[in-house]
Each structure stands twice: as structure tokens, then as C-alpha cells.
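Computation of the quantities below employed the complete heavy-atom set of this structure, encompassing side-chain atoms and omitting hydrogens, waters and symmetry-equivalent molecules. Naming: A, B, ... by sequence-line order, numbering from 1 per chain.
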Amino acid sequence: MTITAVKGFNDILPGESQVWRLIEETAWRVFSSYGYAEIRLPIVEKTELFLRSIGETTDIVEKEMYSFADRHGDGLTLRPEGTASAVRAYIEHKLYARPVTRLFYRGPMFRYERPQKGRYRQFYQIGAEALGEAHPRMDAEAIEMLMRFFGELGLPGAVLNVNSLGCPECRPVYKERLIKFLDGVKDRLCENCRRRLGTNPLRALDCKGHGCIEATGAAPPITDALCAGCKDHFDRVRSALHERGTEAAVNHRMVRGLDYYTKTTFEITSTGLGAQNAVAAGGRYDGLVADLGGPATPCFGFAVGMERLALLLNEAGIKGEAPPMSAFIALGGEAAKTGVGLVRRWREAGVPVVEVLGDGGLKSGMKKADRLGAAYAIILGEDELKAGVVTVKDMKTAEQRQVKWDEAAGHIK
RNA sequence: GUGGGCGUGGCUCAACGGUUAGAGCACUGGACUGUGACUCCGGGGGUUGGGGGUUCGAAUCCCCUCGCUCACCCCA
């Protein structure tokens with residue numbers, strides 16, 4: 001048996017990596033323009049970090065983490081998400097000395113789930129976190145930035161949904177009210193949701209079962225149960241979004257799967273992703289920094305699923321641009337020798353050149369150049385050698401001309 | 001963890017249980033000795049995912065197993 005990659009761990013092949021690069025470069029440019037700076041975080045953290053941040057009873061912690069003991073017996077985990085690490089670093093390096101810290105990161109995350117379209121065991125996220133700002137305009141600014149990012153990429157059909165999950169003051173009150181309601185329609189709920197009644201009743205609102213959607217249709221919306229502070233915050237986030245020209249639909253059934261969210265949550269979905277239709281999601285987490293031992297610090301953040309984004313961009317026909325590449329064909333030993341220096345100079349000038357190696361002659365060389373997808377073929381044979389020129393052929397139009405060695409770079413850009 | 005679909009040259013797929021498992025594309029050589037794509041002719045390439053069973057005979061039928069994929073759960 002040949003060795004294959006581990007299930008759910010994928011190779012991103014050359015034809016695909018171009019769009020990934022486009023995504024990363026666009027993120028870097030857009031996020032930087034909002035004052036976010038890149039932070040590079042480790043892929044492994046102490047398991048306890050995730051237990052305390054994501055929540056011990058969440059699916060991620062209960063059954064999806066890649067946890068192991070290292071050689072000293074310390075419990076470590078391959079990060080299942082990025083926010084916990086960012087917050088850990090924020091506290092550890094006392095970045096709270098500044099009024100607001102805007103960070104972004106990108107890299108692989110790991111969750112032990114059954115792979116399917118848009119979901120893998122190693123998957124990549126680009127995340128952004130703004131730590132230290134409580135103002136509702138922070139929420140709106142971050143969401144606007146994300147929409148701008150999608151806009152610059154040309155992503156079609158992105159839909160923004162927002163909701164508020166309240167705070168430690170008002171969420172328990174709502175929870176009680178919801179449990180009372182769900183109890184009344186208990187017999188129409190699916191098995192899963194009946195169990196959730198006791199553990200996490202909010203999730204019943206998010207259930208995709210037809211019976212549950214109907215049964216919870218008349219459930220009291222959380223946004224009616226918010227305390228004065230949370231309600232005011234939510235209203236101001238929405239009007240701030242409106243001011244920025246960012247259209248948002250309120251979806252009170254949207255519930256996040258991580259425990260640390262408070263107040264604003266949001267999700268951006270798109271068709272074409274199959275069942276996993278969220279391409280980005282996030283929200284406010286005002287309690288997490290304090291929970292992890294730092295000073296009380298209100299925060300807002302989000303993460304983008306890069307495979308899902310790449311999938312959507314591919315469907316939309318958006319590819320990263322590769323610069324035109326040339327193929328250099330030398331005929332004979334003397335030409336090959338001289339060619340070494342010529343090719344080096346073109347490359348130093350920033351022009352990509354692939355050398356066609358082997359002694360197959362011009363015909364074979366041209367064929368290889370074609371198969372390589374070269375935009376230009378550069379031929380150096382005995383005639384050219386004598387005249388101090390190369391023949392440059394445009395592979396698309398079949399036009400060709402002879403140019404001097406020093407001027408060739410300008411003809412193959 | 002549960003369910004559905006699919007595994008045949010590098011790729012896309014054929015082959016009523018019956019010769020030596022074929023075709024297109026790709027690769028390679030030639031027609032064309034300094035010009036790719038188009039045309040024509042030739043060539044290489046397969047343990048039919050793996051194992052077992054039924055049969056005179058299995059790519060085909062049965063069982064097991066592995067892999068891929070989609071969906072459930074959940075999430076980016």
C-alpha cells in the first residue's frame with residue numbers, strides 16, 4: 001500500500017494555491033488598513049486553555065479535540081480555533097497596556113470530525129480580534145471590515161445575519177423563559193432537542209429538523225428579553241452597521257457553539273457550500289479575558305473559513321493571478337552554456353523563466369513549453385548565438401521576433 | 001459515532017457471468033532533422049481498491065475490509 005495523507009488532512013495543490021495566496025494577501029491588505037496587525041500563534045496549546053475558553057460541555061471540547069500527552073506528560077492540544085490563543089497571548093504579554101489591540105492571524109486549526117464538503121480535520125482560518133473596546137461601533141467596524149474583505153475578493157452572494165446572545169445578566173432569564181416555552185411543545189421536538197432542554201436549550205432554536213423549526217417558530221425571540229444594556233448595544237450595532245452601508249438581517253435563531261460569546265454574534269453565509277454554509281462567523285466575548293485571568297476586557301472577533309472561501313471563489317471563477325511564465329529552449333551545448341547567464345539575468349529582473357532541459361531538439365522543446373503553459377518561448381540556437389539575439393515566440397498568437405539579449409526581459413513580462 | 005453514493009490505465013468513463021478488460025484525453029516516437037496547438041500512423045502503461053466465497057469461468061453475483069465522497073451531529 002502506498003502511503004496517503006491522513007483522513008481530513010488535505011494537500012493544497014499548485015493549481016489551487018494561487019487563490020489561497022490571493023485570499024491571504026487581500027486579508028493582509030484590508031485588515032492592515034483598519035489598523036490590525038498580524039500575530040503568529042503556536043499551533044499547540046495547553047489543553048486547559050481550550051477547556052476554560054471554549055467551554056467544557058461544547059462539542060468541540062467533548063469530542064473533537066486532538067489532545068495528547070507530551071513526553072513529560074503535559075496535556076497538550078492542537079488548537080481547534082484561534083481566539084483562545086490570541087487571548088492567551090494578549091494576557092501573557094500584557095498587550096492590554098494599550099487602549100485597543102487589533103490582531104489578525106491565519107493558519108491551520110484541527111478538529112476531529114467526519115470530513116465532508118467544506119469541513120476538514122485540518123482546516124484553515126483567518127481570524128481577527130479587537131481587544132479592549134466595548135463600543136458598539138467596534139462591532140460594526142469589524143463586520144464592515146470583513147464585508148469589505150469579501151467585496152475586494154469579489155465574493156458574490158454573501159449574506160450577513162446578526163443576533164445578540166445577551167450577557168450573564170439577561171441570558172439566564174431568557175433561558176428560563178425559553179425552557180418554559182420548549183416544554184410546552186416538547187412532543188414536537190426531535191430527540192436531540194428534547195435532550196438539549198436540560199443542557200443547552202438555545203441550540204434548539206438552531207436545529208434544522210423540520211419539526212423543530214415549526215415547533216420553535218413561536219418561541220420568544222432573545223432580542224425581546226435582553227437587559228437594557230444589551231438591548232441598547234444591539235440597537236446601536238445595527239444602526240452603526242446601517243451608517244456604514246452594511247446590510248444585516250436579524251436572525252434570533254442563530255446561536256453560536258462556543259460558550260464565550262456575549263451580546264453581538266454574527267454569521268456570513270453563502271450558497272454553494274452544501275450543508276456547511278457559513279463562510280465566516282464571530283461576535284463579542286466580553287468575559288473571556290477575565291475568565292482566563294486577565295483584566296476585564298471587552299472584545300470582538302471573527303474567523304473566516306479559508307477552504308470554504310476558496311471553494312466559493314473557485315465557483316465564481318475567481319483565481320489568483322499568476323505572472324506570465326516563459327520557457328527557455330537552448331539548442332546545443334554552447335547555447336545552453338550561454339543561456340545560464342541570460343536566464344539568471346531575466347530572473348533577477350523578476351521575470352519567471354523555466355528552462356526546458358534535455359536534448360530533444362526544438363520540436364520537443366516547443367512541445368514542452370506548450371505543455372508547461374508558457375506564455376512565451378525563448379529560443380537560443382546556433383543562429384541566435386552568433387547574432388547575439390534570442391527568438392521570442394508568443395505562444396498564443398504564434399508571433400515571433402528576434403530581440404537582443406539585453407532587451408529580452410522587456411518582451412517577456 | 002450513524003447513514004447514503006462511489007471505487008476499472010495518469011484523468012473521464014465503457015465492457016448481457018463467457019476470447020488476451022476496451023475507448024477518449026494525457027504521455028511517448030514518427031510523418032515534419034530549427035517551431036508547440038490541428039491532422040495521420042505507431043508505442044508504453046491495469047494485481048478491475050484489498051481479502052475471501054459461489055461458479056467450468058467473476059470487473060460483473062455474495063460476504064468482509066479499506067479508501068473516497070455527500071449528509072446527520074456540530075461547526076469556519
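With rounding to whole Å, A/Lys63 atom NZ is found 10 Å from B/rC72 atom C1'. Between the CD atom of A/Gln122 and the C1' atom of B/rC75 there is a distance of 17 Å, given to the nearest Å. Note: OH (A/Tyr112) to C1' (B/rU2) measures 14 Å, nearest angstrom. Rounded to whole Å, atom C1' of B/rC68 lies 14 Å from atom CG of A/Asp11. Between A/Met366 atom CE and B/rU35 atom P the separation is 10 Å, expressed in whole Å. Atom OH in A/Tyr120 sits roughly 16 Å away from atom P in B/rA76 (whole-Å rounding). Separating the CG atom of A/Asp259 from the P atom of B/rC75 is a distance of 10 Å, rounded to the nearest angstrom. Computed from coordinates, the A/Glu129 CD to B/rA76 P distance equals 12 Å when rounded to whole Å.
Set against B/rA76, B/rC73, B/rG34, the side chain of A/Ala278 has B/rA76 as its closest nucleotide. Comparing B/rA71, B/rA76, B/rU35 by their nearest atom to the side chain of A/Arg119 picks out B/rA76. With B/rA76, B/rC70, B/rG34 as the candidates, the nucleotide lying closest to the side chain of A/Arg256 is B/rA76. Nearest to the side-chain atoms of A/Leu258 among the listed nucleotides B/rC75, B/rA71, B/rG34 stands B/rC75. Side chain of A/Arg114, nearest nucleotide from B/rA76, B/rC73, B/rC72: B/rC72.
The residue A/Gly118 sits close to a base: some heavy atom pair falls under 4.0 Å. Note on A/Tyr376: nothing from the nucleic acid sits closer than 4.0 angstrom, heavy atoms only. Contacts of A/Glu267 with the nucleic acid, taken as non-hydrogen atoms under 4.0 Å apart, are absent. Using a 4.0 Å heavy-atom distance criterion, A/Glu62 is classed as making no nucleic acid contact.
In this structure B/rC61 sits in a base pair with B/rG53, meeting the Watson-Crick or G-U test at under 3.5 Å. Within the shown strands, nothing qualifies as a pairing partner of B/rU35 under the Watson-Crick or G-U definition with both distances less than 3.5 Å. Across every strand in view, B/rG3 sits in a pair with B/rC70 that passes the Watson-Crick or G-U test at under 3.5 angstrom. Both distances falling under 3.5 Å, in either a Watson-Crick or a G-U wobble arrangement, place B/rG29 opposite B/rC41. With both pairing distances under 3.5 Å, B/rA14 is matched to nothing as a Watson-Crick or G-U wobble pair.
Residues A/Arg148 and A/Ser33 bring no donor and acceptor atom of their side chains to less than 3.5 Å of each other. The closest side-chain donor-acceptor pair between A/Glu144 and A/Thr246, if any, does not fall under 3.5 angstrom.
For the C1' atom pair drawn from B/rC27 and B/rG10, the interatomic distance equals 8 Å after rounding to whole Å. B/rG30 and B/rU48 are spaced 33 Å apart, taking the C1' atom of each and rounding to whole Å. B/rG49 and B/rC32 are spaced 44 Å apart, taking the C1' atom of each and rounding to whole Å. Going from the C1' atom of B/rG17 to that of B/rG57 covers 8 Å, rounded to whole Å. Taking the C1' atom of each, B/rA58 and B/rC16 are spaced 14 Å apart, rounded to whole Å. Going from the P atom of B/rA21 to that of B/rU54 covers 24 Å, rounded to whole Å. Nucleotides B/rA26 and B/rC13, compared at atom C1', are 14 Å apart to the nearest Å. Rounded to the nearest Å, the gap between the C1' atom of B/rC56 and that of B/rA14 is 27 Å.
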All N/O contacts under 3.5 Å from nucleotides 37-44 of chain B to the protein, with atom names and distances to one decimal?
residue, atom, partner, partner atom, Å
B/rA37, O4', A/Asp370, OD2, 3.4

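Enclosure of atom CD in A/Glu382 is not indicated, since only 12 or fewer non-hydrogen atoms of other residues, nucleotides or ligands lie within 6.0 angstrom. Heavy atoms of other residues, nucleotides or ligands lying less than 6.0 angstrom from CD of A/Glu321 number 12 at most.
Side chain A/Gln400 to base B/rG34: no donor-acceptor pair is found below 3.5 Å.
In this structure, CG on A/Leu309 lies 7.5 Å from CD1 on A/Ile126, to the nearest 0.5 angstrom. The CE atom of A/Met306 lies 7.0 Å from the CZ atom of A/Arg106; values are rounded to the nearest 0.5 Å.
Outside the 6.0 Å centre-distance limit, the rings of A/Tyr36 and A/Phe104 are not counted as a close aromatic pair.
In this model, the phosphate group of B/rA71 is not approached by any side-chain N or O of A/Lys117 to a distance below 4.0 Å at OP1 or OP2. For A/Gln116, no side-chain nitrogen or oxygen approaches OP1 or OP2 of B/rU69 to under 4.0 Å.
With the nearest nucleotide of RNA chain B identified for both A/Tyr261 and A/Asn10, A/Asn10 has the one nearer the 5' end. Heavy-atom nearest nucleotides on RNA chain B were determined for A/Ser364 and for A/Phe123, and the one closer to the 5' end corresponds to A/Ser364.
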message: Is there a side chain to side chain contact (heavy atoms under 4.5 Å, CB included) between A/Arg345 and A/Asp406? Walk through the geometry before answering.
response: CA-CA 9 Å; A/Arg345 271 193 279 160; A/Asp406 288 342; 2.9 Å; yes

- prompt: Going through the distances and angles, do A/Tyr66 and A/Glu64 end up as a side chain to side chain donor-acceptor pair (under 3.5 Å)?
  reply: CA-CA 7 Å; A/Tyr66 277 92; A/Glu64 296 176 359; over 6 Å; no

Contacts table for residues 388-398 of chain A: side-chain donor-acceptor under 3.5 angstrom, sequence neighbours left out:
residue, atom, partner, partner atom, Å
A/Thr391, OG1, A/Glu384, OE2, 2.6
A/Thr391, OG1, A/Gln402, NE2, 3.1
A/Asp394, OD1, A/Lys396, N, 2.8
A/Asp394, OD1, A/Thr397, N, 3.3
A/Thr397, OG1, A/Glu399, N, 3.3

